> 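This structure is in structure tokens; I'll ask about it shortly.
Order of the sequence lines sets the chain letters (A, B, ...), proteins ahead of strands, with each chain counted from 1. All figures in this text were calculated on a predicted structure; none of them were measured in a lab.
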Amino acid sequence: MRRSNLFIKTLKDAPSDEVAKNAQLLIRAGYVYKVMAGVYAYTPLGLRVLENIKQIVREEMNAVNGQELIMTNLQAKETWETTGRWDDEVVDVWFKTKLQDDTELGLAWSHEEAIMEMMQQYVKSYKDLPTSVYQFQTKLRNELRAKSGIMRGREFVMKDMYSLHTTAEDCDTYYDKVIEAYKRCYDRFGIGDSTFVTFASGGAFTKFSHEFQTICDAGEDTLYVNEDSSVAVNEEVLDDAAAELGIDKAELKPVTSAEVGNIFKFGTEKSEQMGIYYTDKDGKQQPIYLASYGIGITRVMGVIVEKMSDDKGLIWPKNIAPYKLCLVSIGEKGSAEADRLYDELTGAGIEVLYDDRDERPGTKFADAELMGIPYRITVSDRGVAANEYELTERKSGATENLNHAALIDKLSMLA
RNA sequence: CGGGGUGUGGCGCAGUUGAUAGCGCGCUCGGUUUGGGACCGAGAGGUCGAAGGUUUGAGUCCUUUCACCCCGACCA
């Protein structure tokens, strides 16, 4: 992509109404556009980041036999009445609307009931189980207060997966597999080291749910973690969990964290509430064991920004960055050679953000750094004269001068 | 929803005791520049969140309202 064709413009100052670091940087660098409180649009750059996050999740969900589908944002009132969750007193984040004939509709804040309702059409026999479906979907939640930039919006993208089983044991086994898949996701996002599987409140169906919590100053939760980080407990269930696990609370230290995933088991309760059953080998109707697995895609993006930046701007992990490489041309000969190199790399299937604008070097460097592209190739007149390219790592600032063969060699290793 | 704060060109801001708006960045044009967000000159762009009121006169005062931010509550 040529920078001259990218419509975004970077800003030196963040809008004064944004305090959250993630929103400030993402707006300044041209990744997101704020539409209203808690509602952000994603530019081509921002979309590439989201897609990278989604692709990692997609690969990991597919690896545990998840089948991708997509549900709808418009939901039927009847779907939610079966579990009593249409009531605003029960679910206080509903956005509701009406058809022109006054039929009430809900805008999806969750898809638990919706997925189950759909699956009852297909899951009739024990032969149809287990099965697991997931989607990337925009959730709409009428939060009383949006905050923290893209970390807590009224409209956000979530990956939600649902697994259906004939037995609690089968559900447990699968659940544990998904925990491992989730860990791989966070590792690949580049935040695995600071992300913990955490005991959290279980709600109506199970004693504890599991949250994936990433240590992050901008987070809203407090986590208690033990010495070797093998146990993490959300403050909200600290007493219960400590008792249950036989842990001395004094050995746990509090840290601030952000919830980047939440998984839990419904048992057969949801199935029974909704009257959804399968037929077992003996021809008897049986309730379905259900578990649910969520990752906040847009929140993950926000957490990454919160954790990885410096005074110059964003620092994307390689797997997440919209482009791994940016190419900066300086001077006339530098530009001619940069044009040539851009074509060469593009032809070789290597995606590059090429800053081909007629701007001064300082402007281009500052933009590349603000955008957080992991590597920068600088092609200048003096580089051309020396037959060298400059490769700079965003994170460390380390620079090396490489000849053409060495550069290509290096890039193939990075890709 | 309770408390606090803020709304002036795209962004950041100034506007004194009321006299119908100014600066920086960005943008356009011309020129000089070109390894860390250049410089000079010339321009375009706002009626001051909105509505109502006081006044000869309101960005400045009053009322209402909307939006945004922060703290709290809330957060399968």
Side-chain angles (χ1 to χ4, degrees), chain A residues 7-20 23-24 27-30 33-39 80 83-85 88-94 109-113 115 139 141-149 151-154 156 158 160 162 200-206 208-211 218-221 234 236 258-259 261-267 269-270 273 290-294 296 299 311-313 328-335 355 357-371 376 378-386 390 392 397 399 401:
Chain A
F7 69 77
I8 63 106
K9 206 175 288 298
T10 58
L11 296 173
K12 285 180 184 168
D13 299 303
S16 62
D17 68 356
E18 288 288 5
V19 173
Q24 286 191 344
I27 290 172
R28 283 187 56 210
Y33 169 80
K34 183 180 194 169
V35 176
M36 63 182 87
V39 180
W80 292 88
T83 57
R85 295 212 291 175
D88 291 326
E89 297 294 312
V90 178
V91 173
D92 62 2
V93 295
W94 269 119
W109 63 278
S110 162
H111 290 80
E112 286 161 2
E113 276 78 342
I115 289 258
K139 308 290 184 192
R141 294 189 183 177
N142 199 351
E143 298 276 1
L144 229 38
R145 183 186 162 204
K147 56 187 261 189
S148 306
M151 289 174 66
R152 174 118 183 235
R154 297 196 167 94
F156 57 95
M158 187 177 208
D160 44 321
Y162 306 87
S201 64
F205 304 105
T206 54
F208 299 114
S209 73
H210 291 98
E211 287 173 346
E220 296 180 293
D221 292 320
N234 193 312
E236 62 193 18
E259 181 188 329
N262 189 194
I263 64 177
F264 41 91
K265 299 169 189 171
F266 288 98
E269 196 148 356
K270 178 100 34 201
Q273 282 178 338
L290 177 71
S292 160
Y293 318 83
R299 180 177 282 183
D311 57 335
K312 291 174 177 171
V328 167
S329 61
I330 299 175
E332 265 183 49
K333 288 175 183 166
S335 293
D355 195 341
R357 297 172 302 170
D358 183 22
E359 291 288 346
R360 295 168 64 88
T363 301
K364 294 188 181 187
F365 293 158
D367 260 11
E369 282 153 356
L370 176 59
M371 287 185 192
R376 184 182 84 218
T378 309
V379 183
S380 64
D381 289 350
R382 73 188 194 199
V384 170
E390 195 175 277
T392 306
T399 294
N401 292 309

> Can you say whether the rings of A:Trp109 and A:Trp94 are parallel (under 30°), tilted (30 to 60°) or perpendicular (over 60°)?
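Perpendicular: the ring planes of A:Trp109 and A:Trp94 meet at over 60°.
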> Specify the residue among A:Thr363 and A:Ala14 whose closest nucleotide of RNA chain B lies further upstream toward the 5′ end.
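By nearest-heavy-atom nucleotide position, the 5'-most residue is A:Ala14.
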> Using a cut-off of 4.0 Å on non-hydrogen atoms, how would the nucleic acid contact of A:Asp367 be classed: base, sugar-phosphate, or nothing?
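Touches a base.
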> How far, in whole Å, is B:U56 from B:A50 if one measures between their C1' atoms?
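These two C1' atoms come out 26 Å apart once rounded.
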> What's touching nucleotides 68-73 of chain B from the protein side, N or O pairs under 3.5 Å?
from: B:C68; atom 1: OP1; to: A:Ala37; atom 2: N; distance (Å): 3.0
from: B:C68; atom 1: O3'; to: A:Lys34; atom 2: NZ; distance (Å): 3.1
from: B:C68; atom 1: O2'; to: A:Asp17; atom 2: OD2; distance (Å): 3.2
from: B:C69; atom 1: OP1; to: A:Lys34; atom 2: NZ; distance (Å): 2.8
from: B:C71; atom 1: OP2; to: A:Arg145; atom 2: NH2; distance (Å): 2.3
from: B:G72; atom 1: N7; to: A:Arg145; atom 2: NH1; distance (Å): 3.4

> Using the ring of A:Phe365 (Phe, Tyr or Trp, six-membered ring only), decide whether A:Arg376 places NZ or CZ under 6.0 Å from its centre and within 45 degrees of its axis.
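Yes, A:Arg376 sits over the ring of A:Phe365.
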> Between B:A42 and B:C68, how far apart are the two P atoms, rounded to whole Å?
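Here B:A42 and B:C68 have their P atoms 41 Å from each other.
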> With a 4.0 Å cut-off on heavy atoms, is A:Arg357 in touch with a base, just the backbone sugar-phosphate, or nothing at all?
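The answer is nothing, as A:Arg357 stays clear of every strand by at least 4.0 Å.
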> Tell me which nucleotide, if any, is Watson-Crick or G-U wobble paired with B:G41 when both distances must be under 3.5 Å.
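Base-paired to B:C29.
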> What is the distance from CD1 of A:Ile330 to P of B:G36, rounded to the nearest Å?
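It works out to 8 Å between those atoms.
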> Could you list, one pair per line, each protein nitrogen or oxygen that sits under 3.5 Å from a nitrogen or oxygen of nucleotides 24-30 of chain B, together with the distance?
from: B:C25; atom 1: O3'; to: A:Lys12; atom 2: NZ; distance (Å): 3.4

> What contact category does A:Glu390 fall into here, base, sugar-phosphate, or nothing, at under 4.0 angstrom with non-hydrogen atoms?
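Base contact - A:Glu390 has a heavy atom under 4.0 Å of at least one base atom.
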> Quick one: pull up CG in A:Asn234 and CD in A:Glu259 and give me the separation to the nearest 0.5 Å.
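Those atoms lie 8.0 Å apart.
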> The criterion is salt bridge (charged side-chain N to carboxylate O under 4.0 Å, His left out); which residues satisfy it with A:Arg152, sequence neighbours excluded?
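Only A:Glu143, A:Glu220 meet the salt bridge (charged side-chain N to carboxylate O under 4.0 Å, His left out) criterion with A:Arg152.
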> Looking only at N and O atoms, is any donor in the side chain of A:Asp381 or the base of B:G35 less than 3.5 Å from an acceptor on the other one?
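In this structure, the two groups form no donor-acceptor pair.
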> Looking at B:G37, I'd like to know if its phosphate oxygens (OP1 or OP2) sit under 4.0 Å from a side-chain N or O belonging to A:Arg360.
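A:Arg360 to B:G37 OP1/OP2: no side-chain N or O under 4.0 Å.
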> Could you please name the partner base of B:U54, counting Watson-Crick and G-U wobble pairs only when both distances are under 3.5 Å?
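WC or wobble partner does not exist here.
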> For the NZ atom on A:Lys34, are there more than 12 heavy atoms of other groups (residues, nucleotides or ligands in this structure) within a distance under 6.0 Å?
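Correct, the count exceeds 12.
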> When rounded to the nearest Å, what value does the distance between C1' atoms of B:G18 and B:C62 take?
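My reading of the C1' atoms in B:G18 and B:C62 gives 13 Å.
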